[in-house]
Q: 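Pasting in a structure now, in structure tokens, and then I'll have a few things to ask.
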Amino acid sequence: MASLIHPSAVIEDGAELGADVRIGPFCHVGPEARLGDRVELKSHVVISGNTMIGEDSVVFPFAVVGEIPQDLKFRGEQTRLEIGARNRIREHVTMNTGTEGGGGVTRIGDDGLFMAGCHIAHDAQVGNRVIIVNNSAIAGHCVIEDDVIVGGLSGVHQWVRIGQGAIIGALSMVTNDVIPHGLVQGPRGELDGLNLVGLKRRGVARSDITALRAAFQMLAQGDGTFQDRARRLGEETSSDYVRQIVDFVTAASDRHFLTPR
């Protein structure tokens, strides 16, 4: 399949287009943009800045990808946005490049679904198979690990980490770190359990789910601080999934943690 570029599209000199790209009417592709093989821009899409989009990704109408950060400290420094393969970026999504103070790059992994109206801010690090539902916002410097789902109309505060496999319910404001496989819900997001549905869908063994349940109870009700309980879990567990939570809690963080209710 040869590349198809609508005559109304503007492709700036310097832009790099992979094989078999499809660029619809009234799209604008800036001079530093790089589109991988078989990338499709539906129509009225803006790709600006030093932005790379991986192969087989599709960007829907009125998305703006790679514009400068919404950060008053940004002074025009050279930063970039890297988007992996097979992503679906729906209507009116915005994704910004990084800032010098945040490492200079915003990264999106592979196989993500970014639903209509959601926002990925500067210097965010988003993993693989992440789903951000309609009109949710990921603030600057956040880390969203693999297999996370953020429900609609939710907000994630800057610098927050959300661990692998966690799920954030709709209409939640997440202001602190979320442990891997955690379940967060409520207007001021609270850690309300484990993402058991997600674990079962991914085929996690019953023994590991049982170990995660026990670990959650210990984190909720054990003696000492949250970090103390996590360290004790690390000494006692043989489950890789529980170890993942331990490593997450004991790692460096710029925020506090959401702790079990």
Side-chain angles (χ1 to χ4, degrees), residues 3 5 9-19 21-23 27-42 44-60 62-115 117-132 136-146 148 150 156-162 254:
S3 295
I5 300 176
V10 175
I11 313 298
E12 300 268 9
D13 291 341
E16 299 179 13
L17 307 183
V21 299
R22 300 172 68 89
I23 300 178
C27 292
H28 183 274
V29 180
E32 298 180 282
R34 291 163 287 155
L35 306 185
D37 296 345
R38 299 174 301 281
V39 165
E40 180 178 4
L41 311 182
K42 292 283 191 179
H44 299 84
V45 172
V46 175
I47 309 295
S48 59
N50 185 351
T51 297
M52 185 273 287
I53 301 179
E55 62 187 29
D56 296 305
S57 294
V58 181
V59 187
F60 285 73
F62 302 103
V64 179
V65 178
E67 262 297 352
I68 63 172
Q70 299 176 94
D71 184 341
L72 294 175
K73 298 186 298 298
F74 183 72
R75 293 290 183 267
E77 60 266 24
Q78 288 297 307
T79 60
R80 65 190 191 277
L81 168 64
E82 298 177 356
I83 299 172
R86 299 175 301 280
N87 285 287
R88 297 294 178 266
I89 300 172
R90 295 302 305 250
E91 297 84 353
H92 298 278
V93 167
T94 54
M95 297 180 172
N96 294 158
T97 56
T99 64
E100 185 176 38
V105 57
T106 305
R107 288 191 180 90
I108 311 291
D110 299 332
D111 301 298
L113 172 58
F114 301 88
M115 295 190 189
C118 73
H119 174 63
I120 308 296
H122 59 87
D123 306 296
Q125 308 294 307
V126 179
N128 301 316
R129 301 174 300 279
V130 168
I131 299 174
I132 309 296
S136 291
I138 308 301
H141 313 283
C142 288
V143 176
I144 312 297
E145 295 187 354
D146 296 346
V148 166
V150 178
V156 181
H157 193 283
Q158 64 188 20
W159 300 103
V160 160
R161 299 180 302 146
I162 299 182
D254 291 291

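One-based numbering along the sequence shown.
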Q: Give, for atom CD of Glu91 and atom NZ of Lys42, the distance between the pair rounded to the nearest 0.5 Å.
A: 9.0 Å
Q: Nearest 0.5 Å, please: how far is CD1 in Ile89 from CD1 in Ile120?
A: 9.0 Å
Q: Quick check against the 3.5 Å criterion: does Asp37 have a side-chain atom that pairs as donor or acceptor with the backbone of Ala19?
A: yes
Q: Would you say the ring centers of His44 and His28 fall short of 6.0 Å from each other?
A: no
Q: Would you check if Arg80 and Arg107 make a side-chain contact, meaning some heavy-atom pair closer than 4.5 Å?
A: yes
Q: What's the spacing between Ile144 CD1 and Ile131 CD1 if we round to 0.5 Å?
A: 13.5 Å
Q: I'd like to know if the side chain of Asp146 and the backbone of Asn128 have a donor-acceptor N/O pair within less than 3.5 Å.
A: yes
Q: Using the rule side-chain contact (heavy atoms from CB on, under 4.5 Å), only one of Ile47, Val39, Leu41, Val10 pairs with Ile23; which is it?
A: Leu41
Q: How long is the span from the NE2 atom in His122 to the NE2 atom in His141, to the nearest 0.5 Å?
A: 4.5 Å
Q: Tell me which one of Val130, Val148, Val143 satisfies side-chain contact (heavy atoms from CB on, under 4.5 Å) with Ile162.
A: Val148
Q: Within the side chain of Asp71, is there an N or O that forms a donor-acceptor pair under 3.5 Å with the backbone of Lys73?
A: yes
Q: Has the side chain of Ser3 got a donor or acceptor atom that lies under 3.5 Å from a matching backbone atom of Val21?
A: yes
Q: What's the shortest heavy-atom distance between Leu81 and Gly66, and which atoms?
A: CD2-N, 3.6 Å
Q: Measure the SG-NE2 distance between Cys118 and His92 for me, rounded to the nearest 0.5 Å.
A: 12.0 Å
Q: Indicate the atoms forming the closest heavy-atom contact of Ser57 with Ala85, along with that distance.
A: OG-C, 3.8 Å
Q: Could you report the tightest heavy-atom contact between Ala9 and Ile5, atom names first, then the distance?
A: CB-CG2, 4.2 Å
Q: Could you tell me which non-hydrogen atom of Ala63 sits nearest to which non-hydrogen atom of Arg90, and how far apart they are?
A: CB-O, 3.9 Å
Q: Test Met95 against every option in Val64, Thr106, Ile108 by the side-chain contact (heavy atoms from CB on, under 4.5 Å) rule and name the one that passes.
A: Ile108
Q: Do Asn87 side-chain atoms and Gly109 backbone N/O form a donor-acceptor pair below 3.5 Å?
A: yes
Q: Roughly how far, to the nearest 0.5 Å, is the CD atom of Glu40 from the CZ atom of Phe60?
A: 7.5 Å
Q: Give the minimum heavy-atom separation between Pro31 and Glu12, together with the two atoms involved.
A: N-CB, 3.5 Å
Q: For the side chain of Glu100 and the backbone of Glu77, is there at least one donor-acceptor N/O pair under 3.5 Å apart?
A: no
Q: Examine distances only and state if a side-chain atom of Asp123 and a backbone atom of Thr99 form a donor-acceptor pair shorter than 3.5 Å.
A: yes
Q: Working note: Asn96 + Gln70, criterion side chain to side chain contact (heavy atoms under 4.5 Å, CB included); need CA distance, chi angles, decisive distance, verdict.
A: CA-CA 8 Å; Asn96 294 158; Gln70 299 176 94; 3.5 Å; yes
Q: Set out, in order, the CA-CA distance, both residues' side-chain angles and the distance that settles side chain to side chain contact (heavy atoms under 4.5 Å, CB included) for Arg34 and Asn50, then state yes or no.
A: CA-CA 8 Å; Arg34 291 163 287 155; Asn50 185 351; 3.0 Å; yes
Q: Yes or no on side chain to side chain contact (heavy atoms under 4.5 Å, CB included) for Glu82 and Val105, after CA distance, side-chain angles and deciding distance?
A: CA-CA 7 Å; Glu82 298 177 356; Val105 57; 3.9 Å; yes
Q: Taking Arg86 first and then Asp111, would you say they form a salt bridge - that is, a charged N and a carboxylate O separated by under 4.0 Å?
A: yes
Q: What are the two closest heavy atoms between Gly30 and Ala15, and how far apart are they?
A: O-CB, 3.3 Å
